[in-house]
Amino acid sequence: MNYFDNENNIEFDKKIKVLGLALYGERAASARVRLSQYIEPLLEKNIEMEVNHLLIDDYVKFLSTRRNFPFYKILCSFFRRLKLLFQIKNYDLVILHCELLPFVPAWIERLLLRKTKYIYDLDDAFYLKYQSGKYSYLKWFLGKKFDHTIKKAAFVNAGNQNILDYVTKFNSNAQILPSVVDTDIYKAHDESNMIKDELVIGWIGSPSTSDYLNNLIDEFEELGKSINIKLKIIGAKFPSLNNVKVECFEWNIDKEINDLNSFDIGIMPLTDDPWSRGKCGYKLIQYMSCKIPVIASNVGVNSTIVDKECGILAIENSDWSKAIKFLFNEPETRIMMGQAARKKIIESYSLKANIPKLCDSIIRILK
(Lines give C-alpha, C1' and ligand atoms only; values in the text may rest on other atoms or scores of the structure.)
Protein backbone atom coordinates (compact mmCIF):
# COMPACT_ATOMS: atom_id res chain seq x y z
CA MET A 1 0.00 0.00 0.00
CA ASN A 2 1.14 3.56 -0.70
CA TYR A 3 0.53 5.54 2.48
CA PHE A 4 1.64 8.87 1.03
CA ASP A 5 0.14 11.20 -1.55
CA ASN A 6 2.40 12.49 -4.31
CA GLU A 7 3.08 15.82 -2.58
CA ASN A 8 4.57 14.02 0.44
CA ASN A 9 7.80 13.26 -1.40
CA ILE A 10 10.34 14.01 1.35
CA GLU A 11 12.50 11.03 2.08
CA PHE A 12 15.90 10.40 3.64
CA ASP A 13 18.87 9.51 1.45
CA LYS A 14 20.12 7.01 4.02
CA LYS A 15 18.11 4.72 6.22
CA ILE A 16 17.09 6.36 9.50
CA LYS A 17 16.88 4.05 12.51
CA VAL A 18 14.15 4.84 15.03
CA LEU A 19 13.61 3.06 18.33
CA GLY A 20 10.04 3.03 19.58
CA LEU A 21 9.89 2.52 23.33
CA ALA A 22 6.46 1.26 24.38
CA LEU A 23 5.39 0.81 27.98
CA TYR A 24 3.17 -2.22 27.25
CA GLY A 25 3.24 -5.18 24.88
CA GLU A 26 1.31 -5.62 21.64
CA ARG A 27 -1.74 -6.86 23.50
CA ALA A 28 -2.25 -3.30 24.72
CA ALA A 29 -4.01 -1.21 22.09
CA SER A 30 -1.85 1.84 22.76
CA ALA A 31 1.36 0.05 21.75
CA ARG A 32 -0.15 -1.12 18.47
CA VAL A 33 -1.93 2.12 17.69
CA ARG A 34 0.76 4.65 18.57
CA LEU A 35 3.82 2.71 17.37
CA SER A 36 3.59 -0.69 15.67
CA GLN A 37 1.12 0.19 12.93
CA TYR A 38 3.50 2.91 11.71
CA ILE A 39 6.40 0.54 11.03
CA GLU A 40 5.44 -0.33 7.45
CA PRO A 41 4.43 3.19 6.34
CA LEU A 42 7.65 4.71 7.71
CA LEU A 43 9.69 2.30 5.60
CA GLU A 44 8.37 4.09 2.51
CA LYS A 45 10.31 7.13 3.71
CA ASN A 46 13.45 5.10 4.40
CA ILE A 47 12.75 5.20 8.15
CA GLU A 48 13.19 1.88 9.93
CA MET A 49 11.46 1.66 13.29
CA GLU A 50 12.04 -1.07 15.84
CA VAL A 51 9.54 -1.26 18.73
CA ASN A 52 10.63 -2.41 22.16
CA HIS A 53 8.06 -3.26 24.84
CA LEU A 54 8.91 -2.84 28.51
CA LEU A 55 6.00 -4.78 30.05
CA ILE A 56 5.28 -7.76 27.84
CA ASP A 57 1.89 -9.28 26.96
CA ASP A 58 1.90 -11.55 30.00
CA TYR A 59 1.77 -8.41 32.14
CA VAL A 60 -1.20 -7.05 30.18
CA LYS A 61 -3.00 -10.37 30.62
CA PHE A 62 -2.45 -10.14 34.37
CA LEU A 63 -3.92 -6.63 34.33
CA SER A 64 -7.10 -8.05 32.85
CA THR A 65 -7.42 -10.32 35.88
CA ARG A 66 -6.62 -7.44 38.24
CA ARG A 67 -4.04 -9.57 40.03
CA ASN A 68 -0.45 -8.66 40.91
CA PHE A 69 2.18 -9.58 38.34
CA PRO A 70 5.23 -11.50 39.71
CA PHE A 71 7.80 -8.92 40.78
CA TYR A 72 10.79 -10.85 39.45
CA LYS A 73 9.30 -10.70 35.93
CA ILE A 74 8.94 -6.93 36.19
CA LEU A 75 12.54 -6.73 37.35
CA CYS A 76 13.63 -8.79 34.34
CA SER A 77 11.75 -6.39 32.06
CA PHE A 78 13.62 -3.45 33.59
CA PHE A 79 16.99 -5.13 33.03
CA ARG A 80 16.11 -5.95 29.41
CA ARG A 81 15.27 -2.30 28.75
CA LEU A 82 18.41 -1.08 30.49
CA LYS A 83 20.48 -3.40 28.31
CA LEU A 84 18.83 -1.95 25.21
CA LEU A 85 19.42 1.62 26.37
CA PHE A 86 23.15 0.97 26.53
CA GLN A 87 22.92 0.39 22.76
CA ILE A 88 20.89 3.53 22.10
CA LYS A 89 23.72 5.15 20.13
CA ASN A 90 22.80 2.75 17.31
CA TYR A 91 19.58 4.73 16.72
CA ASP A 92 19.08 8.18 15.22
CA LEU A 93 15.91 8.92 17.14
CA VAL A 94 13.69 7.56 19.90
CA ILE A 95 9.91 7.70 20.10
CA LEU A 96 9.01 7.38 23.76
CA HIS A 97 5.44 6.34 24.49
CA CYS A 98 4.10 6.95 28.00
CA GLU A 99 7.10 6.20 30.22
CA LEU A 100 10.62 4.89 29.86
CA LEU A 101 10.81 3.25 33.31
CA PRO A 102 7.95 3.41 35.85
CA PHE A 103 8.78 4.90 39.26
CA VAL A 104 12.12 6.25 37.99
CA PRO A 105 12.59 10.05 38.01
CA ALA A 106 12.92 12.00 34.77
CA TRP A 107 16.56 12.99 35.29
CA ILE A 108 17.63 9.34 35.42
CA GLU A 109 15.60 8.57 32.29
CA ARG A 110 17.28 11.46 30.51
CA LEU A 111 20.73 10.11 31.46
CA LEU A 112 19.75 6.72 30.07
CA LEU A 113 18.61 8.29 26.80
CA ARG A 114 21.95 10.11 26.71
CA LYS A 115 22.10 12.66 23.90
CA THR A 116 19.60 10.86 21.66
CA LYS A 117 16.76 13.10 20.53
CA TYR A 118 13.31 11.82 21.32
CA ILE A 119 9.72 12.38 20.35
CA TYR A 120 7.41 12.03 23.32
CA ASP A 121 4.07 10.42 22.45
CA LEU A 122 1.03 10.82 24.69
CA ASP A 123 -2.37 9.29 23.98
CA ASP A 124 -3.65 9.57 27.53
CA ALA A 125 -3.44 11.99 30.46
CA PHE A 126 -0.42 10.02 31.60
CA TYR A 127 1.04 13.10 33.27
CA LEU A 128 -1.55 12.56 36.03
CA LYS A 129 -0.11 9.17 36.98
CA TYR A 130 1.80 10.37 40.03
CA GLN A 131 -0.41 13.39 40.71
CA SER A 132 -3.71 11.69 41.48
CA GLY A 133 -5.20 8.27 41.98
CA LYS A 134 -3.39 5.06 42.81
CA TYR A 135 0.15 6.47 42.87
CA SER A 136 -0.57 9.93 44.25
CA TYR A 137 1.43 9.05 47.38
CA LEU A 138 4.50 9.54 45.16
CA LYS A 139 3.49 13.07 44.17
CA TRP A 140 6.23 14.64 46.29
CA PHE A 141 8.84 12.61 44.38
CA LEU A 142 7.46 12.01 40.88
CA GLY A 143 4.55 14.45 40.55
CA LYS A 144 6.36 16.61 37.96
CA LYS A 145 8.17 13.77 36.21
CA PHE A 146 6.27 14.05 32.96
CA ASP A 147 6.53 17.84 32.87
CA HIS A 148 10.30 17.39 32.64
CA THR A 149 9.95 14.59 30.08
CA ILE A 150 7.79 16.84 27.92
CA LYS A 151 10.12 19.82 28.29
CA LYS A 152 13.22 17.90 27.20
CA ALA A 153 11.56 16.25 24.17
CA ALA A 154 12.62 17.37 20.70
CA PHE A 155 8.95 17.09 19.71
CA VAL A 156 5.69 15.94 21.28
CA ASN A 157 2.81 14.13 19.59
CA ALA A 158 -0.37 14.63 21.63
CA GLY A 159 -3.40 12.43 21.08
CA ASN A 160 -5.98 15.21 21.47
CA GLN A 161 -6.45 18.92 22.12
CA ASN A 162 -6.72 18.49 25.88
CA ILE A 163 -3.32 16.79 26.01
CA LEU A 164 -1.85 19.34 23.61
CA ASP A 165 -3.02 22.19 25.85
CA TYR A 166 -1.13 20.61 28.75
CA VAL A 167 1.97 19.81 26.69
CA THR A 168 2.40 23.31 25.26
CA LYS A 169 2.84 24.72 28.77
CA PHE A 170 6.28 23.09 28.65
CA ASN A 171 7.10 22.54 24.99
CA SER A 172 5.88 24.48 21.95
CA ASN A 173 7.23 21.87 19.50
CA ALA A 174 4.08 19.80 19.54
CA GLN A 175 1.12 18.75 17.42
CA ILE A 176 -2.02 16.66 17.62
CA LEU A 177 -1.49 13.15 16.31
CA PRO A 178 -4.76 11.30 16.96
CA SER A 179 -5.08 7.60 17.56
CA VAL A 180 -6.02 6.07 14.21
CA VAL A 181 -6.94 2.84 12.46
CA ASP A 182 -5.94 1.31 9.16
CA THR A 183 -9.22 1.65 7.29
CA ASP A 184 -8.22 -1.14 4.90
CA ILE A 185 -8.43 -3.48 7.90
CA TYR A 186 -11.17 -1.86 9.99
CA LYS A 187 -14.18 -1.93 7.68
CA ALA A 188 -17.79 -3.05 7.57
CA HIS A 189 -18.90 -6.47 6.45
CA ASP A 190 -22.66 -6.53 5.88
CA GLU A 191 -24.86 -3.47 6.41
CA SER A 192 -28.05 -5.52 6.06
CA ASN A 193 -27.47 -6.87 9.57
CA MET A 194 -28.46 -3.46 10.91
CA ILE A 195 -32.11 -4.06 10.10
CA LYS A 196 -33.42 -6.64 12.57
CA ASP A 197 -35.63 -7.02 15.64
CA GLU A 198 -32.81 -7.27 18.17
CA LEU A 199 -30.49 -4.31 18.76
CA VAL A 200 -26.90 -5.25 19.65
CA ILE A 201 -25.25 -2.57 21.75
CA GLY A 202 -21.49 -3.15 21.64
CA TRP A 203 -18.55 -2.06 23.74
CA ILE A 204 -14.86 -2.97 23.38
CA GLY A 205 -12.10 -2.19 25.86
CA SER A 206 -10.25 -3.40 28.94
CA PRO A 207 -11.38 -4.34 32.47
CA SER A 208 -10.13 -1.03 33.85
CA THR A 209 -12.33 1.01 31.50
CA SER A 210 -15.40 -1.25 31.79
CA ASP A 211 -16.22 0.50 35.06
CA TYR A 212 -17.71 3.34 33.00
CA LEU A 213 -20.46 0.96 31.89
CA ASN A 214 -21.70 0.56 35.46
CA ASN A 215 -23.25 4.01 35.38
CA LEU A 216 -25.68 2.84 32.68
CA ILE A 217 -26.94 -0.36 34.31
CA ASP A 218 -30.27 1.16 35.38
CA GLU A 219 -30.83 2.59 31.89
CA PHE A 220 -30.10 -0.75 30.23
CA GLU A 221 -32.46 -2.64 32.53
CA GLU A 222 -35.26 -0.12 32.05
CA LEU A 223 -34.81 -0.13 28.27
CA GLY A 224 -34.96 -3.91 28.24
CA LYS A 225 -38.58 -3.74 29.42
CA SER A 226 -39.73 -2.11 26.20
CA ILE A 227 -37.23 -2.98 23.45
CA ASN A 228 -35.23 -6.07 22.55
CA ILE A 229 -31.59 -5.23 23.23
CA LYS A 230 -28.44 -7.27 23.74
CA LEU A 231 -25.31 -5.93 25.37
CA LYS A 232 -22.12 -7.37 23.88
CA ILE A 233 -18.91 -6.72 25.83
CA ILE A 234 -15.48 -7.43 24.30
CA GLY A 235 -12.43 -7.51 26.55
CA ALA A 236 -14.06 -7.39 30.00
CA LYS A 237 -16.62 -9.01 32.24
CA PHE A 238 -19.99 -7.48 33.06
CA PRO A 239 -22.73 -8.57 35.47
CA SER A 240 -26.00 -10.14 34.40
CA LEU A 241 -28.83 -7.64 33.93
CA ASN A 242 -32.58 -7.85 34.24
CA ASN A 243 -34.43 -7.71 30.91
CA VAL A 244 -31.19 -7.56 28.88
CA LYS A 245 -29.14 -10.36 27.38
CA VAL A 246 -25.45 -9.80 28.21
CA GLU A 247 -22.65 -11.54 26.33
CA CYS A 248 -19.01 -11.13 27.35
CA PHE A 249 -16.07 -12.26 25.23
CA GLU A 250 -12.32 -12.18 25.64
CA TRP A 251 -10.56 -9.79 23.29
CA ASN A 252 -8.81 -11.60 20.45
CA ILE A 253 -6.98 -9.65 17.76
CA ASP A 254 -7.89 -12.26 15.14
CA LYS A 255 -11.61 -11.91 15.94
CA GLU A 256 -11.69 -8.19 16.66
CA ILE A 257 -13.06 -7.03 13.28
CA ASN A 258 -15.75 -9.73 13.26
CA ASP A 259 -16.73 -8.81 16.81
CA LEU A 260 -17.03 -5.14 15.90
CA ASN A 261 -19.16 -5.99 12.91
CA SER A 262 -21.66 -7.77 15.14
CA PHE A 263 -22.56 -4.42 16.78
CA ASP A 264 -25.53 -2.33 15.69
CA ILE A 265 -24.43 0.55 17.91
CA GLY A 266 -21.05 1.21 19.52
CA ILE A 267 -20.96 2.98 22.87
CA MET A 268 -18.35 4.89 24.85
CA PRO A 269 -19.59 6.11 28.25
CA LEU A 270 -17.21 8.22 30.35
CA THR A 271 -17.26 10.30 33.49
CA ASP A 272 -16.21 13.93 33.13
CA ASP A 273 -12.84 14.07 34.88
CA PRO A 274 -9.22 14.92 33.94
CA TRP A 275 -8.34 11.31 33.06
CA SER A 276 -11.36 10.94 30.76
CA ARG A 277 -10.64 14.25 29.07
CA GLY A 278 -7.23 12.85 28.15
CA LYS A 279 -8.66 9.82 26.32
CA CYS A 280 -8.38 9.71 22.54
CA GLY A 281 -11.66 7.99 21.62
CA TYR A 282 -10.07 4.92 20.08
CA LYS A 283 -13.21 2.82 20.67
CA LEU A 284 -15.26 5.32 18.68
CA ILE A 285 -12.74 5.32 15.85
CA GLN A 286 -12.85 1.52 15.68
CA TYR A 287 -16.67 1.44 15.63
CA MET A 288 -17.03 4.24 13.12
CA SER A 289 -14.48 2.80 10.71
CA CYS A 290 -16.72 -0.30 10.54
CA LYS A 291 -19.76 1.88 9.70
CA ILE A 292 -21.21 1.53 13.18
CA PRO A 293 -23.16 4.54 14.52
CA VAL A 294 -22.11 5.57 17.99
CA ILE A 295 -23.40 6.96 21.25
CA ALA A 296 -20.78 8.59 23.46
CA SER A 297 -20.50 10.74 26.55
CA ASN A 298 -20.01 14.38 25.66
CA VAL A 299 -16.57 14.43 27.29
CA GLY A 300 -13.19 15.45 25.91
CA VAL A 301 -12.30 14.37 22.39
CA ASN A 302 -15.61 12.49 22.01
CA SER A 303 -17.28 15.77 21.09
CA THR A 304 -14.73 16.25 18.30
CA ILE A 305 -14.99 12.75 16.87
CA VAL A 306 -18.79 12.42 17.07
CA ASP A 307 -21.10 14.79 15.21
CA LYS A 308 -24.82 14.56 14.53
CA GLU A 309 -24.19 12.92 11.17
CA CYS A 310 -22.48 9.84 12.61
CA GLY A 311 -23.75 9.48 16.17
CA ILE A 312 -25.23 10.95 19.31
CA LEU A 313 -23.56 12.64 22.27
CA ALA A 314 -25.05 12.02 25.72
CA ILE A 315 -24.80 14.35 28.71
CA GLU A 316 -27.33 12.98 31.19
CA ASN A 317 -28.02 9.30 31.81
CA SER A 318 -31.50 9.80 30.37
CA ASP A 319 -29.89 10.85 27.07
CA TRP A 320 -28.57 7.33 26.66
CA SER A 321 -32.05 5.82 26.89
CA LYS A 322 -33.44 8.32 24.39
CA ALA A 323 -30.59 7.77 21.96
CA ILE A 324 -30.83 3.96 22.07
CA LYS A 325 -34.61 4.04 21.60
CA PHE A 326 -34.28 6.42 18.69
CA LEU A 327 -31.70 4.28 16.91
CA PHE A 328 -33.67 1.11 17.65
CA ASN A 329 -36.67 2.56 15.86
CA GLU A 330 -34.69 4.06 12.98
CA PRO A 331 -32.61 1.34 11.29
CA GLU A 332 -32.23 3.39 8.11
CA THR A 333 -30.82 6.25 10.16
CA ARG A 334 -28.33 3.84 11.68
CA ILE A 335 -27.16 2.90 8.21
CA MET A 336 -26.79 6.54 7.13
CA MET A 337 -24.95 7.40 10.33
CA GLY A 338 -22.64 4.45 9.82
CA GLN A 339 -21.78 5.58 6.31
CA ALA A 340 -21.06 9.13 7.53
CA ALA A 341 -18.97 7.71 10.37
CA ARG A 342 -16.80 5.69 7.99
CA LYS A 343 -16.25 8.76 5.80
CA LYS A 344 -15.15 10.85 8.76
CA ILE A 345 -12.65 8.24 9.94
CA ILE A 346 -11.12 7.92 6.47
CA GLU A 347 -10.71 11.69 6.24
CA SER A 348 -9.46 12.46 9.75
CA TYR A 349 -8.66 9.36 11.81
CA SER A 350 -7.16 6.89 9.33
CA LEU A 351 -3.57 5.72 9.24
CA LYS A 352 -3.14 7.05 5.71
CA ALA A 353 -4.39 10.51 6.68
CA ASN A 354 -2.05 10.79 9.67
CA ILE A 355 1.17 8.98 8.81
CA PRO A 356 2.55 12.15 7.14
CA LYS A 357 2.26 13.94 10.51
CA LEU A 358 4.49 11.42 12.26
CA CYS A 359 6.87 11.32 9.34
CA ASP A 360 7.12 15.12 9.23
CA SER A 361 7.89 15.30 12.96
CA ILE A 362 10.80 12.88 12.42
CA ILE A 363 12.01 14.80 9.38
CA ARG A 364 11.78 18.12 11.23
CA ILE A 365 14.09 16.84 13.99
CA LEU A 366 16.67 15.03 11.89
CA LYS A 367 16.93 17.10 8.69
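Numbering of residues begins at 1 and proceeds along the displayed sequence. Bear in mind that the values here come from a model prediction, so they are computed numbers and not experimental data.
- Legend: residues meeting salt bridge (charged side-chain N to carboxylate O under 4.0 Å, His left out) with E247, ordered by chain and number and at least two apart, are K230, K245.
- Cluster note: I176 groups with L164 through ILVMFWY side-chain heavy atoms spaced under 4.5 Å, whether in direct contact or through intervening members.
- A salt bridge does not link E309 with K344: none of the charged nitrogens is closer than 4.0 Å to a carboxylate oxygen.
- F155 contributes atom CZ, which lies 4.0 Å from atom CZ of R364 (distance to the nearest 0.5 angstrom).
- Using a distance-only test at 3.5 Å, with no hydrogens or angles considered, no donor-acceptor pair links the side chain of N298 to the main chain of L313.
- Atom CE of residue M337 and atom CD1 of residue I295 lie 8.5 Å apart, to the nearest 0.5 angstrom.
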Given the rule in the side-chain contact (heavy atoms from CB on, under 4.5 Å) test, do T271 and N215 qualify, once you have shown the distances and angles that lead to the verdict? CA-CA 9 Å; T271 54; N215 295 328; 3.5 Å; yes

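- Put simply, the side chain of L96 reaches to within 4.5 Å of the side chain of T149, judged on heavy atoms.
- The main-chain N or O of Y282 is never found under 3.5 Å from a side-chain atom of Y349 such that the two would form a donor-acceptor pair.
- A salt bridge does not link D123 with K279: every distance from a Lys NZ or Arg NE/NH1/NH2 to an Asp or Glu carboxylate oxygen is 4.0 Å or more.
- Taking the side-chain contact (heavy atoms from CB on, under 4.5 Å) definition, one finds that I108 meets it with V104, P105, L112, sequence neighbours left out.
- Contacts of E316 classified as side-chain contact (heavy atoms from CB on, under 4.5 Å), with partners at least two apart in sequence or in another chain: S318, D319.
- Between the CZ atom of R334 and the CG atom of N329 there is a distance of 9.0 Å, given to the nearest 0.5 Å.
- In this structure, G300 and S303 approach most closely via the heavy-atom pair O-OG, 3.0 Å.
- Pairing each heavy atom of K187 with each of T183, the nearest pair is CB-O, 4.0 Å.
- Placement of I305 and I346 in two distinct hydrophobic clusters is found when ILVMFWY residues are connected by side-chain heavy-atom separations under 4.5 Å, directly or transitively.
- Of all non-hydrogen atoms in S321 and E219, the two that sit nearest each other are OG-CG, 3.3 Å.
- In summary, the side chains of Y38 and N354 do not present any donor paired with an acceptor at a separation below 3.5 Å, with no hydrogens or angles considered.
- Put simply, the side chain of N171 never gets that close to the backbone of V167: no donor and acceptor are under 3.5 Å apart.
- For the atom pair OG of S206 and CZ of R27, the computed distance is 10.5 Å after rounding to the nearest 0.5 Å.
- With sequence neighbours excluded, no residue satisfies salt bridge (charged side-chain N to carboxylate O under 4.0 Å, His left out) with D165.
- The hydrophobic cluster around L43 extends to none of the other residues, as no ILVMFWY side-chain heavy atom falls under 4.5 Å of it.
- Q175 and N157 share a side-chain donor-acceptor pair at under 3.5 Å.
- Expressed to the nearest 0.5 Å, how far CG of L231 lies from CD1 of I265 amounts to 11.0 Å.
- With hydrogens and angles ignored, the 3.5 Å screen pairs a side-chain donor or acceptor of N160 with a backbone N or O of N162.
- A distance-only check finds a donor-acceptor pair linking the side chain of N302 to the backbone of S297 [under 3.5 Å].
- A donor and an acceptor atom, one from each side chain of E26 and S36, are located under 3.5 Å apart.
- The closest side-chain heavy-atom distance from I267 to I324 is not below 4.5 Å.
- Side-chain contact between L223 and V244: absent, with no pair of heavy atoms (C-beta onward) separated by less than 4.5 Å.
- Note on residues 206-246: no pairs pass ring-ring contact (aromatic ring centres under 6.0 Å, His included), not counting sequence neighbours.
- The main-chain N or O of I345 is never found under 3.5 Å from a side-chain atom of S348 such that the two would form a donor-acceptor pair.
- For K255, the side-chain contact (heavy atoms from CB on, under 4.5 Å) criterion is met by N252, D259, not counting sequence neighbours.
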- Pair K283-T209, side-chain contact (heavy atoms from CB on, under 4.5 Å): steps then yes or no: CA-CA 11 Å; K283 294 179 178 57; T209 56; 3.8 Å; yes

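- Between I253 and R32, some side-chain heavy-atom pair lies under the 4.5 Å cut-off.
- For the pair E256/Y186, a side-chain contact is recorded, criterion being any heavy-atom separation below 4.5 Å from C-beta on.
- Heavy atoms only, all atoms of each residue included: S276 and V299 are closest at CB-CG1, 4.0 Å.
- Under the side chain to side chain donor-acceptor pair (under 3.5 Å) criterion, K232 pairs with S262, not counting sequence neighbours.
- Considering only heavy atoms from C-beta on, Q161 stays 4.5 Å or farther from T304 through its side chain.
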**Request:** Show your reasoning for whether side-chain contact (heavy atoms from CB on, under 4.5 Å) applies to I234 and E250.
**Result:** CA-CA 6 Å; I234 308 298; E250 286 190 20; over 6 Å; no

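- Separating the SG atom in C290 from the CD1 atom in I285 is a distance of 12.0 Å, to the nearest 0.5 Å.
- Looking only at distances, no side-chain donor or acceptor of E221 sits under 3.5 Å from a matching main-chain atom of L241.
- The aromatic rings of F146 and Y120 sit parallel to each other, their planes meeting at less than 30°, with 60° as the upper class boundary.
- V301 and I315 fall into different hydrophobic clusters, where Ile, Leu, Val, Met, Phe, Trp and Tyr side chains are chained together by heavy-atom contacts under 4.5 Å.
- Proximity of P102 to L54: side-chain heavy atoms (C-beta onward) are separated by under 4.5 Å at one or more points.
- For K357, the NZ atom counts as densely surrounded, since its 6.0 Å shell holds more than 12 non-hydrogen atoms of other residues, nucleotides or ligands.
- Applying the 6.0 Å contact sphere to CD of E330 captures more than 12 heavy atoms from other residues, nucleotides or ligands.
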Which pairs would a plain distance check flag for residues 78-90, meaning a side-chain donor or acceptor within less than 3.5 Å of a matching protein atom at least two apart in sequence or in another chain?
unit_1, atom_1, unit_2, atom_2, d
R80, NH2, S77, OG, 3.1
R81, NE, N52, OD1, 3.2
R81, NH1, L100, O, 3.0
R81, NH2, A22, O, 2.9
R81, NH2, N52, O, 3.0
R81, NH2, N52, OD1, 2.9
N90, ND2, Q87, O, 3.3

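- Placement of M336 and I292 in two distinct hydrophobic clusters is found when ILVMFWY residues are connected by side-chain heavy-atom separations under 4.5 Å, directly or transitively.
- For the side-chain contact (heavy atoms from CB on, under 4.5 Å) test, residues two or more places apart in sequence or in another chain that qualify with P274 are L128, R277.
- The two residues V180 and L351 come nearest to each other via the heavy atoms CG2-CA, 3.8 Å.
- A salt bridge links D121 with R34: the distance from a Lys NZ or Arg NE/NH1/NH2 to an Asp or Glu carboxylate oxygen falls below 4.0 Å.
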- Would V18 and D92 count as a side-chain contact (heavy atoms from CB on, under 4.5 Å) if you check the C-alpha gap in whole Å, the side-chain angles of each, and the deciding distance to 0.1 Å? CA-CA 6 Å; V18 175; D92 300 293; 5.9 Å; no

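- Annotation for V33 and S179: closest pair CG1-CB, 3.7 Å, computed over non-hydrogen atoms.
- For the ring-ring contact (aromatic ring centres under 6.0 Å, His included) condition, the pairs that include at least one residue of residues 91-114, sequence neighbours left out, are F103-Y130, F103-Y135.
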